[in-house]
*Asks:* 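The structure's right below; bear with me while I get my questions together.
These values consider heavy atoms only, across backbone and side chains, with no hydrogens, waters or symmetry-generated copies. Numbering of residues begins at 1 and proceeds along the displayed sequence.
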Amino acid sequence: MLPLVKPYIGPRDEMMPAIEKILYSGYIAEGETVYKFEEEFGQFIGNSNVLAVQSGTAALHIALLLLNIGPGDEVISTPMTAEPTNTTIAITGAKIVWADVDPDTGLLDPQAVRKKISEKTKAIMLVHYAGMVCNMNEFNKISEETGIPVIEDTAHALGSKYKGKMLGSNSRFTCYSFQAIKQMTTIDGGAIAFGNPDDLVPARKLRWFGLDKRVSRLENDITRAGYKYGMNNVTAAIGSVQLAHSQEILDKYISNGKFYDEALKGIPGVTLIPYYANTEPSYWLYTMKVEDRAAFIKRMEESGILASSLHHRSDTHSVFASSKCDLPNMDEWYSKFVHIPCGWWVDEETRGKIVEAIKKGW
Ligand SMILES: *Cc1c(COP(=O)(O)O)cnc(C)c1O
């Protein structure tokens with residue numbers, strides 16, 4: 001069965017020596033290899049104010065902590081995401097306030113977000129689901145007008161662009177994941193890119209118990225207890241090799257995505273996703289809407305292709321019961337969206353076969 005997600009691991013003759021060198025170097029904890037990876041990743045996304053962390057979840061948590069979000073506060077978020085976006089908000093003690101999505105894209109609808117803003121709103125959490133980019137023209141306006149900071153969850157969206165530039169310097173916080181199935185994996189890992197360089201030092205402290213690792217331990221004074229959220233040198237060594245191949249891998253996702261955008265036009269029962277002005281998806285998953293999704297998935301399976309909606313809407317979990325509200329556009333979207341394989345392992349012949357299979361109907 002052709003999978004929907006598959007980890008890309010850089011060439012063995014580059015990866016193994018890089019790992020071996022660090023493993024036996026005598027320094028495997030957070031050190032220069034991590035700082036080098038941060039520099040390289042910063043160059044890649046075009047923002048040098050970057051910290052590497054243990055996971056995308058840690059990145060999100062640090063962003064929320066830096067905004068001092070806690071009990072009594074509200075964070076506007078989307079149910080159309082992987083669970084960590086919202087469990088992370090929940091562990092701060094803040095209330096999640098769901099806003100509805102745009103039924104054409106599954107991404108948060110700026111007008112719906114505006115309606116949910118109250119004096120308790122401390123952040124807007126945006127998820128560039130499946131690599132599609134939110135309506136940033138509108139969200140930037142909302143953030144400027146209200147002063148409410150935006151956290152971008154870019155776990156699905158490495159390489160996605162806004163105004164021709166990779167995501168990562170648009171909002172106060174942009175949070176990446178390098179978990180196993182993301183476009184670039186370091187096995188586990190993550191990064192935060194900062195819109196405001198003043199957040200760097202406090203974030204670095206929260207990453208390591210409250211201590212600044214770049215200052216001698218004797219001169220350190222913990223003013224706020226932090227976490228153990230750092231990246232280690234072994235992970236960073238893997239990251240550097242992965243990053244060197246990332247553009248080439250991302251280009252494969254993007255080439256396949258653009259191919260589907262053209263080849264699937266006008267097929268009865270298929271509705272393609274319109275992308276917002278000034279945005280370019282990186283197609284972590286190819287996303288579309290189909291009529292009679294169960295039959296579609298079954299027919300694809302018979303052709304050896306995994307099609308799935310992959311994610312479970314967050315607002316139905318018991319832990320978020322107190323945030324429950326009507327989200328009619330989400331209901332509509334959730335009944336129809338589906339993903340088909342689009343990643344680096346899908347070659348030109350295979351993507352052609354997928355389109356033929358869809359054209360046959362279901
Ligand atoms: C994977 C993911 C995360 C969390 O990343 P980890 O690195 O697994 O902690 C957060 N948000 C979304 C949307 C994700 O898909």
Side-chain angles (χ1 to χ4, degrees), residues 1-8 80 101-107 127-136 154 156-164 166-167 181-184 245-311 332-362:
M1 186 83 71
L2 190 70
L4 263 183
V5 292
K6 185 172 174 175
Y8 169 81
M80 191 61 244
V101 300
D102 177 340
D104 294 335
T105 64
L107 303 174
V127 178
H128 305 296
Y129 180 78
M132 302 180 286
V133 182
C134 294
N135 187 344
M136 292 314 299
T154 39
H156 296 180
L158 179 66
S160 297
K161 291 182 178 170
Y162 174 59
K163 291 194 169 163
M166 269 193 206
L167 298 177
I181 64 169
K182 305 297 160 69
Q183 276 146 322
M184 184 187 99
H245 295 276
S246 266
Q247 192 56 61
E248 161 203 336
I249 294 305
L250 283 167
D251 287 346
K252 291 189 179 166
Y253 285 85
I254 293 167
S255 152
N256 286 336
K258 286 186 167 166
F259 171 80
Y260 290 138
D261 280 343
E262 287 306 313
L264 295 175
K265 266 183 191 159
I267 299 178
V270 172
T271 307
L272 298 183
I273 310 289
Y275 307 119
Y276 295 110
N278 301 327
T279 75
E280 296 167 55
S282 62
Y283 302 95
W284 178 51
L285 301 163
Y286 191 80
T287 312
M288 57 192 185
K289 295 200 286 184
V290 291
E291 298 300 328
D292 196 356
R293 180 173 59 192
F296 176 86
I297 290 173
K298 188 158 173 281
R299 181 56 56 85
M300 289 299 108
E301 224 175 82
E302 287 162 7
S303 309
I305 303 157
L306 187 67
S308 160
S309 46
L310 203 67
H311 292 91
E332 148 76 14
W333 164 265
Y334 197 68
S335 67
K336 297 214 167 103
F337 86 98
V338 75
H339 303 297
I340 56 172
C342 180
W344 60 271
W345 60 97
V346 179
D347 60 20
E348 285 183 22
E349 189 191 338
T350 309
R351 73 192 191 187
K353 281 187 185 155
I354 292 173
V355 170
E356 287 318 306
I358 294 172
K359 278 186 174 161
K360 281 192 194 133
W362 57 96

*Asks:* Grab the two heavy atoms, one from Pro3 and one from Leu306, that are nearest each other, plus how far apart they are.
*Replies:*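 Looks like CA-CB, 4.4 Å.
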*Asks:* Verify side chain to side chain contact (heavy atoms under 4.5 Å, CB included) between Tyr260 and Leu272, making sure each step is shown before the conclusion.
*Replies:* CA-CA 9 Å; Tyr260 290 138; Leu272 298 183; over 6 Å; no
*Asks:* List the atom of Thr287, the atom of Trp333, and the distance in Å for their closest heavy-atom pair.
*Replies:*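 The answer is CG2-CH2, 3.8 Å.
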*Asks:* Going by the rule salt bridge (Lys or Arg N to Asp or Glu O under 4.0 Å), which residues pair with Arg351 if we only count those two or more places apart in sequence or in a different chain?
*Replies:*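 Arg351 satisfies salt bridge (Lys or Arg N to Asp or Glu O under 4.0 Å) with no other residue.
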*Asks:* For side chain to side chain contact (heavy atoms under 4.5 Å, CB included), just list the numbers for Leu285 and Val5, CA-CA rounded to whole Å, side-chain angles, deciding distance to a tenth of an Å, and then say yes or no.
*Replies:* CA-CA 8 Å; Leu285 301 163; Val5 292; 3.9 Å; yes
*Asks:* Can you name the nearest heavy-atom pair linking Trp284 to Ile181, along with the distance?
*Replies:* NE1-O, 2.9 Å
*Asks:* Tell me if the CD atom of Glu248 is crowded by more than 12 foreign heavy atoms within 6.0 Å.
*Replies:* yes
*Asks:* Kindly give the heavy-atom pair with the smallest separation between Leu4 and Trp345, and that separation in Å.
*Replies:*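 Of all heavy-atom pairs spanning Leu4 and Trp345, the closest is O-CZ2, 3.2 Å.
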*Asks:* Are the side chains of Lys289 and Asp104 in contact, using a 4.5 Å heavy-atom criterion?
*Replies:* yes
*Asks:* Apply side chain to side chain contact (heavy atoms under 4.5 Å, CB included) to the pair Tyr283 and Lys258, showing each step before the final yes or no.
*Replies:* CA-CA 9 Å; Tyr283 302 95; Lys258 286 186 167 166; 4.0 Å; yes
*Asks:* Please name the residue in the list Thr154, Leu167, Asn278, Thr105 that meets the side-chain contact (heavy atoms from CB on, under 4.5 Å) test with Val133.
*Replies:*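 For Val133, the side-chain contact (heavy atoms from CB on, under 4.5 Å) test succeeds with only one of Thr154, Leu167, Asn278, Thr105, which is Leu167.
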*Asks:* Donor-acceptor pairs under 3.5 angstrom involving side-chain atoms of residues 353-362: please list them, not counting sequence neighbours.
*Replies:*
{"from": "Lys353", "atom 1": "NZ", "to": "Glu349", "atom 2": "OE2", "distance (Å)": "3.2"}
{"from": "Trp362", "atom 1": "NE1", "to": "Glu291", "atom 2": "O", "distance (Å)": "2.9"}

*Asks:* Just do the ring pair (Phe, Tyr, Trp, His ring centres under 6.0 Å) check on His311 and Phe337 with the steps written out, would you?
*Replies:* CA-CA 10 Å; His311 292 91; Phe337 86 98; 7.9 Å; no
*Asks:* Does any part of the side chain of Val338, heavy atoms only, come nearer than 4.5 Å to the side chain of Ile297, both counted from C-beta?
*Replies:*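 Heavy-atom side-chain distance check passes, below 4.5 Å.
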*Asks:* Please find the pair of heavy atoms, one from Tyr334 and one from Met80, that lie closest to each other, and give the distance.
*Replies:* CD1-SD, 4.5 Å
*Asks:* Just jot down the salt bridge (Lys or Arg N to Asp or Glu O under 4.0 Å) partners of Glu262, sequence neighbours excluded, or say none.
*Replies:*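 Only Lys265 meet the salt bridge (Lys or Arg N to Asp or Glu O under 4.0 Å) criterion with Glu262.
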*Asks:* Any side-chain heavy atom of Met132 within less than 4.5 Å of one from Tyr276?
*Replies:* no
*Asks:* For a quick test of reading the model, state the closest non-hydrogen atom pair linking Ile340 to Ala307 and the distance between them.
*Replies:*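 Closest approach of Ile340 to Ala307: CG2-CB, 4.2 Å.
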*Asks:* For Leu107, does its backbone N or O pair with a side-chain atom of Asp102 as donor and acceptor, under 3.5 Å?
*Replies:*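 Between the backbone of Leu107 and the side chain of Asp102 there is no qualifying donor-acceptor contact (under 3.5 Å).
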*Asks:* Just so I know, are the side chains of Phe296 and Met288 near enough to count as touching, which here means a heavy-atom distance under 4.5 Å?
*Replies:*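 Yes, at least one pair of side-chain atoms sits under 4.5 Å.
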*Asks:* Do His156 and Tyr129 come close enough that some side-chain heavy atom pair is under 4.5 Å?
*Replies:*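 Side chain of His156 against side chain of Tyr129, heavy atoms only: contact under 4.5 Å found.
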*Asks:* Please round to the nearest 0.5 Å and tell me the distance separating atom CZ of Arg293 and atom OG of Ser335.
*Replies:* 6.5 Å
*Asks:* To the nearest 0.5 Å, how far apart are CE in Met1 and OG in Ser303?
*Replies:*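 Taking CE in Met1 and OG in Ser303, the distance rounds to 9.5 Å.
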*Asks:* Given side chains that start at C-beta, do those of His128 and Ser160 come closer than 4.5 Å, heavy atoms only?
*Replies:*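 The answer is no; the side chains never approach within 4.5 Å.
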*Asks:* Rounded at 0.5 Å granularity, tell me how far OG in Ser282 sits from CG in Asp251.
*Replies:* 10.5 Å
*Asks:* Are Glu302 and Arg299 close enough for a salt bridge, meaning some N to O gap below 4.0 Å?
*Replies:*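 Counted as a salt bridge, because a side-chain N and a carboxylate O are separated by less than 4.0 Å.
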